[in-house]
Amino acid sequence: MKRTNLSTIQSLLEGSKLLNCPHPEAVEIDKVLPLSSDNKDYLSFVSSKAFVNEANSSSAAAILVSEEISSSIAANKPLIVVPHVELAFSKMLLYFNPPKEPNGKISPHSVVHPTAQIGENTEIGHFVTVGANSKIGKNCIIEDGVKIENDVTIGDGARIGMNCVFYHGTVIGERFTVFGNSTFGGDGFGFVYANGKHNKLPQVGKVVIGDDVEVGSNCTVDRGAITDTKIGNGCKFDNMVHIAHNCVVGNHVIIAGQSGLAGSVTLGNNVIIGGACAISDHLTLVDGTIIAGGSSLRTSPKTKDVYVGWDLGLTFPEFQKYRVNIKNIVNLNKWIKRIKELEKKAGIEGEDI
Amino acid sequence: MKRTNLSTIQSLLEGSKLLNCPHPEAVEIDKVLPLSSDNKDYLSFVSSKAFVNEANSSSAAAILVSEEISSSIAANKPLIVVPHVELAFSKMLLYFNPPKEPNGKISPHSVVHPTAQIGENTEIGHFVTVGANSKIGKNCIIEDGVKIENDVTIGDGARIGMNCVFYHGTVIGERFTVFGNSTFGGDGFGFVYANGKHNKLPQVGKVVIGDDVEVGSNCTVDRGAITDTKIGNGCKFDNMVHIAHNCVVGNHVIIAGQSGLAGSVTLGNNVIIGGACAISDHLTLVDGTIIAGGSSLRTSPKTKDVYVGWDLGLTFPEFQKYRVNIKNIVNLNKWIKRIKELEKKAGIEGEDI
Amino acid sequence: MKRTNLSTIQSLLEGSKLLNCPHPEAVEIDKVLPLSSDNKDYLSFVSSKAFVNEANSSSAAAILVSEEISSSIAANKPLIVVPHVELAFSKMLLYFNPPKEPNGKISPHSVVHPTAQIGENTEIGHFVTVGANSKIGKNCIIEDGVKIENDVTIGDGARIGMNCVFYHGTVIGERFTVFGNSTFGGDGFGFVYANGKHNKLPQVGKVVIGDDVEVGSNCTVDRGAITDTKIGNGCKFDNMVHIAHNCVVGNHVIIAGQSGLAGSVTLGNNVIIGGACAISDHLTLVDGTIIAGGSSLRTSPKTKDVYVGWDLGLTFPEFQKYRVNIKNIVNLNKWIKRIKELEKKAGIEGEDI
C-alpha cells in the first residue's frame with residue numbers, strides 16, 4: 001500500500017480540480033473502494049446521480065465525481081472533479097494496485113526450444129514449454145504451465161495465463177492478455193460424412209489475433225480449416241467464449257461469458273455480444289450490432305440494432321412487446337376457444353386447425 | 001476389494017435392521033451395484049416403489065430399502081432396512097470405494113516458494129507451483145499440474161484437481177474439492193468504453209470461497225472488481241460453471257453444468273440452478289429459488305418459486321400452460337385470419353397490425 | 001512444402017480423371033486453397049454449382065470437381081474430376097499438410113510411473129505424468145502437460161492435447177484425438193440433500209470411450225456414478241462439450257460446440273446435436289435424431305426427426321411456422337383486444353382471463 005496525499009493524486013488526473021478540500025496535502029489515500037465501505041483513507045467515486053445520497057454518507061476520504069454531479073454533493077465532502085469518472089477511477093485503481101511487472105527470468109523448470117526467440121525482459125514461469133521457431137516478444141509474462149507449440153508468435157507486452165495452450169502457427173499481436181486454461185489453435189470442427197462415418201477434414205488454417213486483445217479464462221479459439229480464424233484489434237472476450245474455425249471478428253468487439261460463434265461467423269467492428277449467446281454458422285453481424293445476453297441467433301440481422309431472443313430476430317422494442325404477451329401465450333388456448341364461440345354465434349364454420 | 005459380511009455391514013449403518021437373512025455372517029459383499037447388474041456378491045438399493053419388481057428379480061446379495069418399501073419385496077431377498085436409503089447407499093459406496101488419502105509427500109518435480117506454508121500430511125503432485133506467501137492446509141491433495149499464485153489460502157482437507165489454476169489472493173475454506181482444469185481468480189470482465197476503445201477497469205477484488213464447497217471440471221470463478229466475489233458454505237457446482245465478478249452466492253447453492261452467473265448476481269441460500277442457465281447481471285434470487293435447466297433469466301423473480309424459460313419469468317405451472325400453447329402459436333396466423341373474418345362479418349374495421 | 005505435379009496428384013485420387021490439362025507433368029502444386037485465393041500453384045475445389053463463376057475466375061492451378069459440375073466450368077481450367085469432391089479435397093489437404101508423427105521419445109521432464117506401460121513409438125511431451133498401471137498404446141502423441149492418473153487405458157494412435165487430464169480408470173479406444181485442456185473422468189454431479197446440506201454420492205463408475213473418437217478443446221466427460229459413462233465409436237465432439245455422468249452415447253454421434261448432455265442421457269447412433277444445445281437428464285434420442293443448434297430439450301422426442309427450439313419439441317417444419325408467428329405474438333394483446341370487441345358486439349360476456 002502506497003499512501004499518497006490528495007494533492008499528488010489530483011495532479012495525476014488530467015483536467016481535474018479539487019473541491020471542498022482546504023488541505024489536500026494533509027489528506028492521505030491508500031486504496032480505492034466503493035462509496036459505502038466500512039474503511040478509511042480510501043478514494044471512491046460517484047458514477048451517477050443515483051449515488052448522491054450514498055456519497056453524502058460515505059466515509060471516503062475523497063470522491064471522484066463529474067462536474068455535473070459535484071454540485072449535488074454535500075459541501076463537506078472532498079471531491080475530485082474529473083472529465084471522465086470511470087477513466088479516472090480506473091487510473092487510480094491501477095495506481096494503488098499496480099500490475100505485476102515481468103522479472104525477465106526464464107524458469108530453469110521450463111523447456112524453451114533452442115530455435116525459439118524470447119524477447120528482452122520477458123518472464124517465463126515454471127513448467128512452460130516453448131516450441132521450435134516460436135517467437136515471444138519483449139516484456140511478456142508467460143505464467144506457469146503455459147504450453148506453446150512450434151511456430152507461434154506472441155507480440156510484446158503479453159500476459160499469458162497459467163496453463164493456457166497455443167497450437168502451432170498461432171499469431172498474436174501486441175499487449176495480449178489471457179487468463180487461465182484457454183486454448184488457441186485447436187483444430188476446427190470439420191468432418192465429411194461418407195462411407196458410414198465422419199471423415200476428418202484436415203484443419204490447416206491458423207489463428208491470427210490483433211493487438212490489445214484480452215481473453216478470459218477457459219476460452220477456445222479454433223484454427224481455420226483452409227484459411228485463418230481472425231480476431232481484430234482491441235477485442236475483449238469474457239470466460240468460456242468459443243470461437244469456431246474461420247470466424248472473422250472485427251475490431252473492438254465485446255463477447256461476454258459462455259457465448260460462442262459457430263464456424264465462419266463474421267462480426268463487424270464494435271459488435272457487442274452478451275453472455276450465453278449462440279451465433280449460428282456463417283452469419284454476419286454489421287458494425288455496432290448488439291446481441292442481448294441469452295440470445296440464440298439463426299439468421300443475420302440486416303441492420304445495426306439491438307437484437308434479443310431465441311432465433312426470434314426481435315429488436316429490443318419488439319422484444320419488450322413480446323415479453324408483455326407471454327401471459328397471453330399462456331392463455332392462448334382460452335382465447336382460441338373464444339374465437340370459436342364467436343364463430344359459432346356468427347354462423348361461421350372454421351377449418352379444423 | 002474388501003469383502004465384508006452382511007452382519008458387519010449392517011453394524012455400519014446406524015438405525016438399520018436385517019430382514020430375510022438368517023445367516024448374515026455367511027453372506028459376503030464386495031461392491032455396490034444397481035439392482036439388475038449381471039454380477040454377484042453386490043449390495044444394491046431400492047429408492048422408490050417403481051423398482052420393486054426389479055428388486056425381486058435382482059441377483060443382489062442384499063438390498064438397502066426403506067421400512068415402507070421393505071414389505072413389498074419378496075420374502076427371499078435379504079434386505080437391510082435403513083432410515084435413509086440414499087445416505088446408507090452413499091455410505092456403502094464410500095466404504096467399498098474409499099477415496100485416495102494424501103500421502104504427505106511433496107513431489108521433487110514441483111516448485112513451492114520458500115515463503116509458502118504447506119500443512120501437515122498434505123500431498124503435492126508433480127509439476128505443481130505454489131507462490132509466495134500462499135498457505136495450504138493439512139491433509140490436502142494438490143494433484144499434478146496445479147498452479148497456485150501468491151497469497152492464496154486453501155483450507156484443510158482440500159482436493160485440488162489436475163491442472164487447476166488459482167490466481168493471487170484467492171481464499172478457500174475447509175474441505176474444498178475441485179476437478180480438473182478449473183480457474184479461480186482470473187480478472188472479472190470490466191471495461192469502460194472511451195476514446196474509441198474498451199479501457200480495462202483493473203480488477204482488484206478477490207475470490208473468497210467458504211467451507212465444504214465442491215466445484216466440477218473446467219469451471220471459472222472471477223475475482224471481484226473492487227470488492228470480492230463470494231461463494232458461501234456447502235455450495236456444489238457442476239462442470240463448466242462460470243461465476244462472474246462480484247457475485248455473492250449464499251450457502252448450499254447448487255449450480256448444474258454449463259450455467260453461468262453474470263456480474264454482481266446475488267444468490268440466497270439453498271438456491272438451485274439447473275444446467276445451461278444464464279442469469280443476467282445484478283439479478284437477485286431469494287433463498288430457495290429454483291431455476292429449471294435451460295432457462296435464461298433477465299429479471300429478478302420476487303418470490304421463492306420454481307421458474308422456467310427464456311426470460312419469460314414463468315413459474316412452473318405457467319410454463320406448463322405455455323407448453324400446451326406452443327401448437328397454438330404455430331397456427332397463430334390462422335387464428336388471426338379468423339378474427340379478421342369475424343370482424344368483416346360483424347362490420348368492424350380493425351386497425352392494420 | 002512439397003511441390004507435386006498434377007499427374008502424380010491425379011494418380012493419388014482413386015477414380016479420378018484430368019480434364020483441360022494437356023501437360024499435367026508440367027503443372028506443379030504445393031498447397032490447397034479456396035477458389036478465389038490471391039496465390040498461385042494451388043489446388044482448389046468446387047463443391048456446388050453455386051461456385052462455378054468463382055471457379056471460372058479462379059487462379060487455381062487445378063480444381064477438384066464432380067463429373068456433374070465439370071461441364072459447367074470453362075474449358076481452359078485444368079480440372080480433376082473425382083467421385084467425391086470433399087473426400088478428395090480432404091485427402092489432398094492431408095497430403096500437403098501431413099500431421100505430426102510421434103517421435104517415440106519420452107521427455108526426461110515427464111514422470112511416468114514404473115508400472116505404467118507405454119507402447120512402441122509413442123511420444124510423451126514435457127511435464128506429462130502417467131500414473132500407476134496406466135497403459136498407453138503404440139504410436140501415440142501425448143502432448144506437453146497432459147496428466148494421466150492411475151489405471152487409465154488409452155489405445156494405439158492417440159493424440160492427446162496439451163494440458164488435458166484423465167482421472168483414474170478412464171478407458172479409451174484406438175485412434176483417439178483430443179485438443180487442449182479437456183478433462184475426462186472427473187466426478188459426476190451427484191448429491192443427496194439431507195440434514196440441511198448436499199451430501200456427496202461417491203462417483204465410482206468410469207469413463208469408457210470407443211475407437212476413432214475426436215474431442216475438441218476444453219471438453220469434460222464425467223465418470224459414472226455406479227456404472228460407467230459410455231461413448232461409442234466414431235463420435236466427434238466440438239469444443240466445450242459437457243457429457244455428464246452415466247450418459248450412453250451411440251456410435252458416430254456429432255455434438256457441436258458448447259452443447260451438453262445432463263446425467264443419464266442416452267443417444268442412439270448417428271445422432272447430431274448442434275451447438276449450444278442443452279439436453280435434459282434421462283432423455284433418450286433415437287438413432288439419427290437431429291437437434292438444431294441453440295435448442296434446449298426437456299422431453300425425449302419419440303421419433304427420428306429434426307427438432308428445434310427451447311423445449312418446444314417442434315420439428316423443423318413446425319418451427320418454421322412458429323417463426324412466422326413471432327410477429328403475431330408481439331401483437332397478441334392487440335388481437336385479444338379485438339376478440340373482446342367482437343364479443344362485446346356479439347353480446348358475449350367472456351370470462352376474465
Side-chain angles (χ1 to χ4, degrees), chain A residues 109 111 127 129 145 147 149 163-165 167 181-184 186-187 189 191-192 194 196-202 204 218-220 222 226-227 240 242 244 258 260 262 278 280-281 296-298 309-314 318 321-322 324-325 328-329 331-332 334-335 338-339 341-342 345-346, chain C residues 32-34 37 84 86-87 89-90 93-94 96-97 99 107 109 125-127 143-145 161-163 177 179-181 212 214 216-218 234 236 238-240 252 254 256-258 275-276 292-294 308-310 323 326-327 329-333 335-336 339 342-343 346 348 350-351 353:
Chain A
H109 300 282
V111 178
F127 311 124
T129 60
K147 307 293 183 282
E149 277 199 346
N163 282 353
C164 283
V165 311
Y167 279 93
N181 280 319
S182 289
T183 306
F184 298 86
D187 273 11
F189 193 60
F191 298 90
V192 183
K197 60 181 183 142
H198 302 287
N199 301 274
K200 185 175 176 75
L201 268 175
V204 306
N218 293 61
C219 290
T220 59
D222 276 356
I226 327 178
T227 55
M240 294 192 209
H242 159 57
Q258 296 183 309
S280 290
D281 57 287
S296 178
L297 210 67
R298 201 179 294 277
W310 307 269
D311 185 40
L312 310 184
L314 300 178
E318 287 169 339
K321 291 188 199 165
Y322 178 85
V324 166
N325 276 296
N328 292 327
I329 295 176
N331 292 312
L332 192 53
K334 292 185 185 170
W335 291 112
R338 281 160 80 160
I339 295 172
E341 289 292 320
L342 281 162
K345 191 146 186 176
Chain C
V32 181
L33 283 176
S37 304
H84 194 305
E86 281 87 354
L87 285 185
F89 168 61
S90 177
L93 268 174
L94 207 59
F96 285 107
N97 305 275
S107 165
H109 301 282
H126 307 306
F127 310 123
E143 297 179 353
D144 297 345
M162 294 179 278
N163 282 353
T177 297
F179 292 91
N181 281 317
D212 299 300
E214 178 165 329
S217 304
N218 293 61
K236 313 292 179 186
D238 198 353
N239 295 351
M240 293 192 209
H252 307 296
I254 290 273
Q258 296 182 308
V308 204
W310 308 271
R323 293 171 93 178
I326 293 305
K327 211 189 150 208
I329 295 175
V330 165
N331 292 312
L332 192 53
N333 47 351
W335 290 112
I336 282 169
I339 294 172
L342 280 162
E343 287 176 333
I348 296 175
E351 68 164 322
I353 297 180

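In the text below, chain A, chain B and the rest are named by the order of the sequence lines, each starting its count at 1.
For C:G180 against A:V165, the heavy-atom pair with the smallest separation is CA-CG2, 4.1 Å. In terms of heavy-atom proximity, C:L87 sits nearest to A:A194 at CD1-CB, 3.7 Å. Contact record, A:L342 with C:A346: CD2-CB, 4.0 Å, taken as the closest heavy-atom pair. Residue A:C164 comes nearest to C:N163 through the heavy atom pair O-ND2, 4.3 Å, listed as atom of the first residue, atom of the second, then distance. Residues A:P202 and C:L93 share a closest heavy-atom pair of O-CD1, 3.6 Å. The two atoms that bring C:A276 and A:A278 nearest to each other are CB-CB, 3.4 Å, heavy atoms only.
When A:K197, A:H242, A:H109 are compared by the number of non-hydrogen pairs under 4.5 Å with chain C, A:H242 comes out ahead. With chain C as partner, the option from A:V192, A:V111, A:L201 having the largest number of non-hydrogen pairs under 4.5 angstrom is A:V111.
Once rounded to the nearest 0.5 Å, the distance linking CG of C:N181 with CG of A:N181 reads 4.5 Å. Here C:I336 contributes atom CD1 and A:R338 contributes atom CZ; the two are 9.0 Å apart, rounded to the nearest 0.5 Å.
Distance alone, capped at 3.5 Å, places no donor-acceptor pair between the A:Y322 side chain and the C:I326 backbone. Side chain of A:N325 to main chain of C:N333: a donor-acceptor pair is present (N/O by atom type, distance under 3.5 Å, no hydrogens or angles). In terms of modelled atom types and a separation under 3.5 Å, the side chain of A:H198 and the main chain of C:G234 share no donor-acceptor contact. A distance-only check finds a donor-acceptor pair linking the side chain of C:Q258 to the backbone of A:M240 [under 3.5 Å].
Within the 4.5 angstrom heavy-atom criterion, only side-chain atoms of A:F191, from C-beta onward, approach chain C. Proximity to chain C (any heavy atom under 4.5 Å) is shown, for A:S280, by neither the backbone nor the side chain. Within the 4.5 angstrom heavy-atom criterion, atoms from both the backbone and the side chain of C:H252 approach chain A. With a 4.5 angstrom heavy-atom cutoff, A:N199 touches chain C only via side-chain atoms. Of the two parts of A:F184, neither the backbone nor the side chain holds a non-hydrogen atom closer than 4.5 Å to a non-hydrogen atom of chain C.
With salt bridges taken as basic N to acidic carboxylate O contacts below 4.0 Å, one links C:E214 and A:K200.
Using a 4.5 Å heavy-atom cutoff, the side chains of A:K147 and C:H126 are not in contact. Residues A:W335 and C:W335 have side chains not in contact (no heavy-atom distance under 4.5 Å, counting atoms from C-beta outward). Contact annotation: the side chain of C:L332 approaches that of A:L332 to within less than 4.5 Å [non-hydrogen atoms, C-beta and beyond]. Proximity of C:I348 to A:K345: side-chain heavy atoms (C-beta onward) are separated by under 4.5 Å at one or more points.
The closest side-chain donor-acceptor pair between A:T129 and C:D144 falls under 3.5 angstrom.
When the options A:D187, A:T220, A:D222 are evaluated for a side-chain contact (heavy atoms from CB on, under 4.5 Å) with C:D238, the one that passes is A:D222.
Dense packing is recorded around NZ of A:K334, with more than 12 heavy atoms of other residues, nucleotides or ligands lying under 6.0 Å away.
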